[in-house]
*Asks:* 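Pasting a structure below so you can have a look.
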Amino acid sequence: MKIAVMTSWNDETGAAVHAKALVKAWVEQGHKVTVFSFLKEECPKCRFTGKDERYVIRCFGKDFIDPRQILRSEFDIFVVEDLRTLPVEQLAMIFPMIKERARTVHIVHEDKLPEETWFYQFLWDKVVYFDERQDFLKDVYPDADFIPFPCFPLRRGDKYESRERLGLPQDKRIIFNFCQRGYQPYLRCMCEGLKLEAMLLFVIAPGYEMVEKESAPPWMIVREEEALSDERFDEYLFASDAVILHKYHNRYHRLISDTIFQAMGAGCPIFIPQQSEYFQPLKDEVVYYNDSEDLCRKLNALFEDERNVQRVIEAEEVYTHMRSAEKIAGIYIDVFTEVLKGR
């Protein structure tokens, strides 16, 4: 099947993470995929996470499109990820020509029905959502399909080698605080009972204001890094004994966390806040905490018995297998096949 995807790409956005998992799976399954994305110079605030693959064409900005790049390409299915972030007016101008040659699919990233009229001007052949709380879409699109957010594949690394490459201590447990993509530092004081055996590792974005950056205590490491590539993120996960993903609502709330589905397959126990709406679909695959005291209690419990670690990792593996990018990509192909029958 020939599939075109218009989306953010190789950056920190949820649309880019979602699209990356699907596109890689489609390519591995033998489908011909073309990705249309933002010109990097047109997105100065974007934090890019890697080099573009051979099938990526950057041909638009916030308010313009080079239509030739899209209209010269061959595709049977035209997928749009997160319409709100794209040059909507310009897309609308060439949408009739796209509709003449292909079936169109919108993967919606909205957390409520938009008030803006521009959102509804496109007559999609299929609308898809990935969070069950988005079922409000059926009020407008009765045939909208729920397809879960795909997990990145299961992968494993050598803890010793990863720490060697990252320059991290070999003789301590490492609790990784991921502090990019809107995630915040949370556990700022080492838990009682862990001070002698563990380190807190914070990876923050350049310029992020964190007092401990200048004078970190001996049980803390603070690192400034540009946007982590997939490989660099995995390296930190492989090197760590636990990772904390601390995030609550913000003004750009986008439903479920994309980062959790990327981290899930790396074999590192994940700790997340109980009250956050970002992690709604998850249960035993992660460890929930209510506050810093509860977090410390659960970290201690995890490290006291290796069987506790194994139970969490096994639950992660089961979840990752159930929602693997390969399986989810296959569901999309089934939907595309049905949509194409209507041509």
*Asks:* Would you say the ring centroid of Y55 lies under 6.0 angstrom from that of W26?
*Replies:* no
*Asks:* Parallel under 30°, tilted from 30 to 60°, perpendicular over 60°: which one fits the rings of F130 and H18?
*Replies:* tilted
*Asks:* Under 4.0 Å between a side-chain nitrogen and a carboxylate oxygen: does that hold for D125 and K99?
*Replies:* yes
*Asks:* Under a 4.0 Å N-O cut-off, is there an ion pair linking D139 with K112?
*Replies:* no
*Asks:* Can we say K20 and E53 salt-bridge, meaning some charged N sits less than 4.0 Å from an Asp/Glu carboxylate O?
*Replies:* yes
*Asks:* Taking 4.0 angstrom as the limit, do D82 and R84 come out as a salt bridge?
*Replies:* no
*Asks:* Please identify which of these residues, F176, Y186, F178, meets the ring-ring contact (aromatic ring centres under 6.0 Å, His included) condition with H246.
*Replies:* Y186
*Asks:* Check the orientation of H106 and F119. Use parallel for under 30°, tilted for 30 to 60°, and perpendicular for over 60°.
*Replies:* tilted
*Asks:* For the pair E226 and R232, find out whether any cationic side-chain nitrogen is under 4.0 Å from an anionic carboxylate oxygen.
*Replies:* no
*Asks:* Going hydrophobic residue to hydrophobic residue with side-chain gaps under 4.5 angstrom, can you get from I313 over to M264?
*Replies:* no
*Asks:* For the pair R133 and D111, find out whether any cationic side-chain nitrogen is under 4.0 Å from an anionic carboxylate oxygen.
*Replies:* no
*Asks:* Strictly under 6.0 Å, is that where the ring centroids of F60 and F38 end up?
*Replies:* yes
